[in-house]
Amino acid sequence: MSRKLVVNPITCVGHGLCAELLPERITLDPWGYPIIDPTPIPPRLEAHAKRAVASCPTLALLWREAVEAKR
Amino acid sequence: MSASRSRSAPERALAPAALSPTDPIRMLPRPVVDGHLGHVDRYGPRPAAEARLIDEIDAAGLRGRGGAGFPTATKLRAVASRGRRPVVVANGTEGEPASAKDKVLLGAAPHLVLDGVELVADLLGASEVFLCVDRNWPDVSLAVERARDQRPRTARRRLQVLDAPDRYVAGEETALVHWINGGEAKPTFVPPRPFERGVRGRPTFTSNVETYAQIGLIARFGADWYRALGTTAAPGTTLLTVTGGVAQPGVCEAPGGSSMSSVIAAAGGAVDGVQAVLVGGYFGTWIPGSAVDSVSLDPASLSGYGASLGCGVLAVLGDHVCPLVEVARVARWLAGQNAGQCGPCVHGLPAVADSLEWAVSGNPVTASQIGGLVELVKGRGACKHPDGMARFVESSVRVFGDHLAQHRRHGPCPTHHPVLPVPETGTWR
């Protein structure tokens, strides 16, 4: 089980709230879109990560709990 | 080797003349099979689909021929295990501008592709079957429809031939599924992948049309026959498009792992030397001319240059062509082919193309500046379009890096005849 953040780049329009709420894991590129650190989210950041997920205006930030099944 | 084959299997996929390792490569198109009767006469009747066909495909080591090279048996099992009646899609859209092998295959041997499509549809118990072709090639869809209508009707299921949009990413499997479902031919966010939820929400098996043609042969003649040509890592034969600075550009069928020089020779040889060869299309990798004589089209040999065969394109760049101009043209085209969905791709790809054009016109642009922009787009799209372009540009900077400095010093090159095709494209629907 790994906990990580994933962004749906189609729905993301670059509001940038996530980078404000979770600067430990999310930075913005020159155009304002999030660059997400792929390493698992440690317990101490979990609450912040979930707040970032809940705050995304387009629901583009996703909380993934399991490793995606490989085809 | 060929003598050990059974009498009923004298020929390779698309090559009515027998191929042998000593005389391996022939150019297509070859004489078109004369209707369904001629096809059955040549290859024998299509066998019934049996469950062990998946194991046979596995033993043959067949991989998808659309570019990604995913093991076909694994994909078949994934769809079969979903427990719902699936849909089968044969992808002949071939949006790769430098590639012609799918069009040639569908025109020359449509029945072989349809054999494979029917086998897979029977095997999986599919309810619906689609074969998608590039809408700019009405001759191809006509050949497929004519072939379909010559064949005996199978139950209630009917193959639908669809003329798909000609955009570069329209052939990406999620984009194609989205379009069949009535949307724009643009990639969708994964998961779910088509094998989980595809056409009409059903598990959907998609593969390149050449994959189906190979299945049509493996079902008849078996994995051992298939592996009699090619290498362990690149079994069987593969269709290649040889284009650019060669005397007779075209499509050929070659055993897996053939030497690059033999393939170029089959296309009449290089007409202006070989400065470099682009392998795998516009998501591909350059092999420098100095290496052409030592490289074979085997995964191990190609990976030494960071390359893979991809969709089977070899584009030869002659000695008197400015590679930076070609790279910048292709990069600009790729940037324009983004689906307009993902921010990093919408903004990043034109920025990469800008940097290359600045370099071409003699501005001071360094390899690390281009590399920095490329790094920003990698892995950040819903599909692999930005990653493919990144791969192409990184390879270009690696192989043609010294041209950046030369352009900075001497300014732009005199204009030359464009080599790599960058076609106009139409709508997304």
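In what follows, chains are A, B, ... by sequence order, proteins preceding strands, each numbered from 1. What you see below is based on every heavy atom in this structure, not just the backbone, and it leaves out hydrogens, waters and symmetry mates.
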### Task
Start with the C-alpha gap between B:Q337 and B:T425, add the side-chain angles, then the distance that decides, and say whether side-chain hydrogen bond (donor to acceptor under 3.5 Å, both in side chains) holds.
CA-CA 8 Å; B:Q337 290 297 315; B:T425 54; 3.0 Å; yes
### Task
For B:R84, look at atom CZ and say whether over 12 heavy atoms of other residues, nucleotides or ligands are found less than 6.0 Å away.
yes
### Message
For chain A, which candidate among B:R380, B:R77, B:K186, B:Q341 shows the most heavy-atom pairs at distances under 4.5 Å?
### Response
B:R380
#### Entry: Region of B:P71 that comes under 4.5 Å of a non-hydrogen atom in chain A
neither
### Heavy-atom contact with chain B under 4.5 Å, split by part of A:V13
neither
### Atom group of A:I35 that falls short of 4.5 Å from chain B, counting heavy atoms
both
### Query
Which bit of B:A351 is near chain A, if near means a heavy-atom gap under 4.5 Å: side chain, backbone, both or neither?
side chain
#### Entry: Basic-acidic side-chain contact under 4.0 Å: B:E128, B:R85
no
### Task
Show the numbers, then the answer: is there a ring-ring contact (aromatic ring centres under 6.0 Å, His included) between B:F195 and B:F70?
CA-CA 13 Å; B:F195 85 93; B:F70 192 82; 8.6 Å; no
### Query
Where the side chain of B:S368 meets the backbone of B:T366, is there a donor-acceptor pair that is under 3.5 Å apart?
no
